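See structure below.
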Amino acid sequence: MAVELAVRLGKRSYPIYIGRGLLVSDDLLQKIVAGRSVIIVSSEVVAPLYMGALVAGLEDRVKATVLLPDGEEHKNLTILSSIFDQLVAAECDRSTLLIALGGGVVGDTAGFAAACYQRGIAFLQVPTTLLAQVDSSVGGKTAVNHPSGKNMIGAFYQPEAVIVDVDTLSSLEDRELAAGIAEVIKYGLIRDEPFFVWLEENIELLLSRDADALIYAIERSCVNKAEVVAADEREQGERALLNFGHTFGHAIETATDYTRWLHGEAVAIGMLMAMSFSERAGSLEKGKSQRAKSLIERAGLPLAPPIDMNAEIFVKHMRHDKKVLGGVIRLILLRDIGDAFVSSDYNDEQLISELSGMFSE
Ligand code: NAD
Ligand code: GLY
């Protein structure tokens with residue numbers, strides 16, 4: 001039996017199913033596919049692991065399968081165009097259902113292809129990394145990268161459903177699992193203190209991939225994300241809270257050319273920096289960041305930025321983040337564990353001064 005949640009967006013509402021064995025049980029898939037033709041987009045790494053189960057469950061509905069090369073460097077317009085070529089070659093029409101099977105790179109790229117092909121075809125997210133299961137498959141952000149920046153070309157385009165089969169996590173590398181756990185911890189920190197406490201009590205179970213613990217953590221993460229997206233689909237306000245730790249994290253990723261840390265690892269460091277910043281700014285009681293630091297450390301995630309990154313380098317990269325609006329860098333800070341807010345109170349000089357203070361502590 002799968003846990004079923006809803007992302008409530010009026011006519012574009014959709015379910016998220018979370019459970020074990022969902023890719024091998026035909027019932028759910030057949031119900032969603034409902035007799036339509038299907039095209040599956042996956043990757044060269046994920047397809048050999050899970051495509052067989054998916055295809056077997058869909059009988060003769062699959063018109064074609066599209067395999068993308070693995071890695072963030074292939075999340076680009078060239079690959080997007082090759083997906084369109086294959087959709088055309090397979091004679092997909094507007095009634096075709098596109099299934100995205102893979103991590104966030106596959107989900108974002110295939111989702112954007114679905115948004116554009118013939119002005120939009122239905123798509124189903126089947127995320128196979130923890131990060132994709134708790135974050136990227138939910139909420140309708142789809143995109144590819146441009147040489148000038150990540151996710152620069154994309155659309156808000158909601159899937160028809162999300163199927164999270166936690167059994168797919170059994171093949172995920174430990175480091176990728178921990179990177180997903182960083183995003184799970186984020187939900188506790190920004191808006192769900194009881195979930196943060198649960199994570200403090202159960203982090204070892206999650207790391208050992210206990211299925212019930214994973215299902216619970218994914219469910220709580222998706223409930224939080226679904227509530228935020230339902231309130232602010234296009235990131236005019238509250239949805240920005242989901243970027244907690246990301247402004248600092250993106251600065252670290254760009255300064256290190258995306259080679260040193262995975263996204264979730266950089267976010268973990270960024271969340272700790274945002275908490276230290278909150279303590280210095282006086283919004284968060286001193287010492288509270290220690291709880292987050294201890295949990296993030298137990299998850300095996302990194303705790304500090306590279307020692308050669310100073311305050312000026314951070315602000316330079318933070319300024320180039322596409323979430324900078326009207327030249328103002330928006331920081332997501334905490335009032336407490338479970339209570340985040342957006343602050344645009346800092347100009348570059350103040351930011352450099354606060355960050356310099358943090359680094360010299
Ligand atoms: P990813 O898709 O690159 O997957 C990480 C690695 O795990 C890849 O090598 C992949 O082949 C492999 N993999 C996937 N599933 C596996 C499995 N079950 N077993 C073994 N290996 C598996 O990275 P990711 O962390 O899933 O996603 C990162 C991407 O998501 C970035 O492009 C980021 O911009 C995007 N993202 C989007 C949103 C959104 O709201 N749309 C949110 C967060 C991140
Ligand atoms: N990952 C941030 C968002 O979906 O808004």
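Nothing here was measured: the structure is a model prediction, and the numbers come from that model. Counting starts at 1 for both ligands and their atoms, following the listed order. Start at 1 with the first residue, then count along the sequence.
- Remark: ligand 1 and Lys150 share an N or O pair separated by less than 3.5 Å (distance only, no angle test).
- Under a 4.0 Å criterion applied to the non-hydrogen atoms of Lys225, ligand 2 contributes the atoms 1 (N), 3 (C), 4 (O).
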### Pair Tyr17-Lys31, side chain to side chain contact (heavy atoms under 4.5 Å, CB included): steps then yes or no
CA-CA 12 Å; Tyr17 302 96; Lys31 185 176 104 179; 3.6 Å; yes

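- Leu9 has its side chain within reach of Val229: a pair of non-hydrogen atoms, C-beta onward, lies under 4.5 Å apart.
- Polar contact check, Asp70 against ligand 1: a nitrogen or oxygen pair lies under 3.5 Å apart.
- Using modelled atom types, one finds a donor on one side chain and an acceptor on the other under 3.5 Å when comparing Ser289 with Glu279.
- Any N or O atom pair closer than 3.5 Å counts here, and Lys186 shares no such pair with ligand 2.
- Ion pairing between Glu91 and Lys63 fails under the 4.0 Å rule for side-chain N and carboxylate O.
- Atoms of ligand 2 found under 4.0 Å from any heavy atom of Arg239, numbered from 1 in the order shown, are 3 (C), 4 (O), 5 (O).
- The protein atom (non-hydrogen) at minimum distance from atom 1 (N) of ligand 2 is Asp135 OD1, 3.0 Å.
- Looking at Glu354 and Arg280, a side-chain N of the basic residue comes within less than 4.0 Å of a carboxylate O on the acidic one, giving a salt bridge.
- The nearest non-hydrogen atom to atom 26 (O) of ligand 1, considering only Val144, Asp108, Thr129, comes from Thr129.
- Residues Leu206 and Leu199 form a side-chain contact, since some pair of their non-hydrogen atoms from C-beta on lies under 4.5 Å apart.
- Listed by number with element, the atoms of ligand 1 under 4.0 angstrom from any heavy atom of Lys75 are 31 (C), 32 (O), 33 (C), 34 (O), 35 (C).
- Contact check on Arg12 versus Glu233 returns a salt bridge, with a Lys/Arg side-chain nitrogen under 4.0 Å from an Asp/Glu carboxylate oxygen.
- Using a 4.0 Å cut-off between heavy atoms, Glu173 makes no contact with ligand 1 at all.
- Proximity of His263 to ligand 1, defined as any heavy-atom pair under 4.0 Å, is not found for any part of the residue.
- Here Leu172 has heavy atoms under 4.0 Å from ligand 1 in both its backbone and its side chain.
- With a 4.0 Å heavy-atom cut-off, ligand 1 is reached by the backbone of Thr128 and by its side chain too.
- With a 4.0 Å cut-off on non-hydrogen atoms, Lys141 touches ligand 1 through its backbone as well as its side chain.
- At a 4.0 Å heavy-atom cut-off, ligand 1 does not touch Glu44 at all.
- Looking at Gln158, its side chain never comes within 3.5 Å of a backbone N or O of Tyr14 through a donor-acceptor pair.
- The contact set between ligand 1 and Val105, taken as ligand atoms under 4.0 Å from a residue heavy atom, comprises 1 (P), 2 (O), 3 (O), 27 (O), 29 (C), 32 (O).
- By the criterion of a heavy-atom distance under 4.0 Å, neither the backbone nor the side chain of Thr142 is placed next to ligand 1.
- In terms of N/O distances under 3.5 Å, ligand 1 is not approached by Val138.
- The aromatic ring centroids of Phe314 and Phe359 lie less than 6.0 Å from each other.
- Aromatic ring centres of Phe123 and Phe112: separated by at least 6.0 Å.
- Relative to atom 23 (O) of ligand 1, the option among Ser42, Gly104, Gly71 with the closest non-hydrogen atom is Gly104.
- Among Arg239, Glu183, Lys225, Glu176, the residue whose heavy atom lies nearest to atom 5 (C) of ligand 1 is Glu176.
- Residues Leu284 and Leu241 are members of one and the same hydrophobic cluster, defined by side-chain heavy-atom contacts under 4.5 angstrom among Ile, Leu, Val, Met, Phe, Trp and Tyr.
- Taking a 6.0 Å sphere around CD of Glu285, one finds it holds 12 or fewer heavy atoms contributed by other residues, nucleotides or ligands.
- Of the heavy atoms in Val229, none comes closer than 4.0 Å to ligand 2.
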